[in-house]
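The chains referred to below are lettered A, B, ... by the order of the sequence lines, with proteins before strands, and numbering in each begins at 1.
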Number of protein chains: 2
Amino acid sequence: MTDQQAFFDLLDIMENEKLVDAKRFFALMRSTFCIANLLYADVDVLAKGFAIHRLHHTFSASAARTYLDEGFLRIDPILQLTMGGIRPVDWATARELHPDSEPLFSAAVRLGLGVDGITLPLPTPTRRLAFLAIHADIPAEEWPAYRRNHLRDFQLLAYLFHASVLENDSRIELSQHGAKMLTHRETEVLGWTAAGKSYWEIGTILGISERTVRFFMTNARRKLNVVSNTQAVAQAVRRDLIPTF
Amino acid sequence: MTDQQAFFDLLDIMENEKLVDAKRFFALMRSTFCIANLLYADVDVLAKGFAIHRLHHTFSASAARTYLDEGFLRIDPILQLTMGGIRPVDWATARELHPDSEPLFSAAVRLGLGVDGITLPLPTPTRRLAFLAIHADIPAEEWPAYRRNHLRDFQLLAYLFHASVLENDSRIELSQHGAKMLTHRETEVLGWTAAGKSYWEIGTILGISERTVRFFMTNARRKLNVVSNTQAVAQAVRRDLIPTF
DNA sequence: GGCATAACTGTCGGTAGTGACAGGTTCCTA
DNA sequence: TAGGAACCTGTCACTACCGACAGTTATGCC
């Protein structure tokens, strides 16, 4: 099969080149596998709502805008299945499991996004959600055989691409994220918050005003780049920034 | 190729059966791919030393005991490369990158563990390290072509097996710890709270009402014997009850 | 058939957390 | 001596949380 050779060529590229541009990867994928469209996303679920950390796709600008603007991202049943999962998610399966979301799928069809496709969940170091969605340009009746034939190819190539993106990411993050250390008071206040104390109680304990406690917590949240006290405590405990008792 | 058909049969099993026993998976892998030995491990890198969470292998009992007793696990260069990585790790590459560990590789050869093989890192929900190590029973000169041909098969099947193990794990964990253990939903909701999500957002993500999210959080607080969501998250993170990613 | 457990939903009212506004002092270092 | 960093305080308006009330449905076990 010539298909085989094309796959191996692509594999060599993905394994040997440190940084593969998304556009190039998408172009290679499309030419190798008769893929109509691809979407790679890395969504930061730590941020308020869903902050898009990284997004590459080959859909039309208007289709993507509609998808994002309408907030479909929040209720997309494929995303729900992808979240925290490892197995590939078939769009058809998601459609069956979530009949409530039928309007979404209908809208997707109108936008030309197709209904036969697959989404591969990708692991992320932090609590983000990354995935590669693949929409092949083939007749519906050929889809099962196509999926079966190429799932392994997609799985491996998606992970190699993802690895490339993450490796590049961490280089950037290491250079900019530096000495955002918590002060003594911030640590102290965070510790009492982790112990379940309210602002008023902490203020009384430390002999400062409730307002000041809030001030320290606000600074801690900003430094940890989180939105809630709860989240700040989760991060602090994970990073061993506050004493465990 | 008959190889192809054997792979597809195995793929069908891994995709359709909820729980695939390690022994069965290993047997199928060995017969399908001429694999000499397999090792699947899930270790806790946070614990002092390495706490083994799960371990299946086809190596001889004496070889495995030597490997573990001698503490090779701690200095294994392959594990070092696997840690936090996504890309497959070739044993030969690890040997080149870590000349200091030559004694380990020599010992491995004596023990019959082989030097041509590959280790696939697998993502885990908590701060653990999981991987599948594969050692094929073929002449060294055929290894590069073999690796190239089957990497995609290994990658996909390893992930499906890993998914099966993880899904089964969570079920066991819930049932064995008795009344004080958090339910699946409580764990899930707690995890999203730790990620800074509001009740409304979590409800949207999980497809349930905001009220129900509150219900689960209330139960979680009661079981953890704490008064606030923040405190609950602190406890849960400390006890590794919720995914960290 | 009872009983327990898990998953699920609704409303009310009080309290706690959060952002944005606008200040202050002390101490150390360039 | 100017600037920065840590520490400290106040008010207003809004949102989120949390306890207590009172349910429903499904499943599995004795």
Side-chain angles (χ1 to χ4, degrees), chain A residues 46-49 51 74 80 97-98 100 178-236 241, chain B residues 18 167 170-236 241:
Chain A
L46 289 172
K48 198 144 195 169
R74 303 197 176 194
Q80 283 186 31
L97 290 177
H98 295 263
D100 296 348
K180 276 288 175 68
M181 211 41 217
L182 298 178
T183 68
H184 176 248
R185 280 305 211 193
E186 285 157 6
T187 307
E188 212 167 13
V189 167
L190 210 46
W192 286 112
T193 303
K197 302 296 178 190
S198 69
Y199 284 158
W200 183 87
E201 288 173 312
I202 298 169
T204 305
I205 290 168
L206 298 179
I208 56 181
S209 79
E210 183 184 331
R211 176 63 187 86
T212 306
V213 177
R214 277 179 46 209
F215 171 77
F216 290 136
M217 278 305 296
T218 304
N219 288 336
R221 281 196 305 273
R222 182 177 39 74
K223 286 183 181 176
L224 293 172
N225 198 29
V226 299
V227 294
S228 71
N229 284 353
T230 303
Q231 199 182 352
V233 164
Q235 287 296 317
L241 299 178
Chain B
K18 288 293 171 202
E167 285 156 12
S170 60
R171 250 176 255 130
I172 290 173
E173 275 171 26
L174 288 180
S175 59
Q176 74 185 2
H177 280 286
K180 278 293 178 182
M181 205 51 212
L182 299 178
T183 69
H184 173 64
R185 280 307 213 193
E186 285 157 7
T187 307
E188 212 166 14
V189 167
L190 209 46
W192 287 113
T193 302
K197 295 298 174 194
S198 70
Y199 286 156
W200 183 90
E201 287 172 315
I202 297 169
T204 305
I205 291 168
L206 298 180
I208 56 180
S209 78
E210 184 184 329
R211 176 64 186 88
T212 304
V213 177
R214 278 180 48 210
F215 171 76
F216 290 134
M217 277 304 297
T218 304
N219 288 337
R221 282 197 305 274
R222 183 175 40 73
K223 286 182 181 177
L224 293 171
N225 199 29
V226 299
V227 294
S228 70
N229 283 355
T230 304
Q231 202 180 355
V233 164
Q235 286 298 319
L241 298 178

Starting from P on C:dT15, measure out to CD on A:Glu201 and report it in whole angstrom.
14 Å
Take atom CE of B:Met217 and atom C1' of C:dA7, then tell me their distance rounded to the nearest Å.
16 Å
A:Lys197 NZ to C:dT15 C1', straight-line distance once rounded to whole Å:
17 Å
Which whole-number value in Å describes the distance from B:His184 NE2 to C:dA7 P?
8 Å
So for B:Arg214 and C:dG10, does any side-chain atom that can act as donor or acceptor lie under 3.5 Å from a complementary atom in the base?
no
Enter the distance from A:Ser198:OG to A:Ile205:CD1 here, rounded to the nearest 0.5 Å.
8.5 Å
How about A:Arg185 and A:Leu206: do any of their side-chain heavy atoms sit closer than 4.5 Å?
yes
Only distances under 3.5 Å count here; give the side-chain donor-acceptor pairs of residues 210-218 of chain A to other protein atoms, sequence neighbours excluded, each with its distance to 0.1 Å.
from	atom 1	to	atom 2	distance (Å)
A:Thr212	OG1	A:Ser209	OG	3.0
A:Thr218	OG1	A:Arg214	O	2.7
A:Thr218	OG1	A:Arg221	NH2	3.3

Pairwise distance CD(A:Glu201) to OG1(A:Thr193) - rounded to 0.5 angstrom:
10.0 Å
Note the angle between the end axes of the helix from C:dG1-D:dC30 to C:dA30-D:dT1, five pairs defining each, rounded to 10 degrees.
50°
For the student: nearest non-hydrogen atoms of B:Leu224 and B:Leu190, plus distance:
CD1-CD2, 4.0 Å
Look at the side chain of A:Tyr199 and decide which nucleotide, out of D:dG19, D:dC7, C:dG17, has an atom nearest to it.
C:dG17
Under 4.0 Å between a side-chain N/O of A:Arg221 and OP1 or OP2 of C:dG17, yes or no?
no
Calculate, to the nearest 0.5 Å, the distance between atoms NZ and CG belonging to A:Lys223 and A:Asn219 respectively.
6.5 Å
Which of C:dA7, D:dC17, D:dA20 is nearest the side chain of B:Phe215? It is C:dA7
Contact under 4.0 Å: A:Asn229 side-chain N or O vs C:dT18 OP1/OP2
yes
Students often get this wrong, so: under 4.0 angstrom with heavy atoms, is B:Ser228 touching a base, only sugar-phosphate, or nothing?
sugar-phosphate
Starting at CZ of A:Phe216 and ending at C1' of C:dT18, how long is that distance when rounded to a whole Å?
17 Å
Taking atom OG1 of A:Thr187 and atom CG of A:Leu182, what is their separation to the nearest 0.5 Å?
5.0 Å
On the nucleotide D:dC7, are OP1 or OP2 found under 4.0 Å from the side-chain N or O atoms that A:Thr183 carries?
yes
In whole angstroms, how far is the C1' atom of C:dA7 from the CG atom of B:Leu182?
15 Å
Taking the side chain as every heavy atom from C-beta outward, state whether A:Glu188 and A:Ile202 have any pair of such atoms under 4.5 Å apart.
no
Return the value, rounded to whole Å, for the distance between atom CD1 of B:Ile202 and atom P of D:dA16.
12 Å
State whether B:Arg185 places a side-chain N or O below 4.0 Å from either non-bridging phosphate oxygen (OP1 or OP2) of C:dC8.
yes
Using only modelled atom types and a 3.5 angstrom limit, is any donor from either the side chain of B:Arg222 or the base of D:dG19 paired with an acceptor on the other?
no
Taking every heavy atom of B:Val227 against every heavy atom of A:Gly196, the minimum-distance pair comes out as CG2-O, 3.8 Å
Rounded to whole Å, please give me the gap between CD in A:Gln231 and P in D:dC17.
12 Å
With no hydrogens and no angle check, is any side-chain donor or acceptor of A:Gln235 less than 3.5 Å from a backbone partner on A:Ala232?
no
I need the residues from residues 204-213 of chain A with at least one non-hydrogen atom less than 4.0 Å from DNA chain C; give them sorted by number, or say none.
A:Arg211
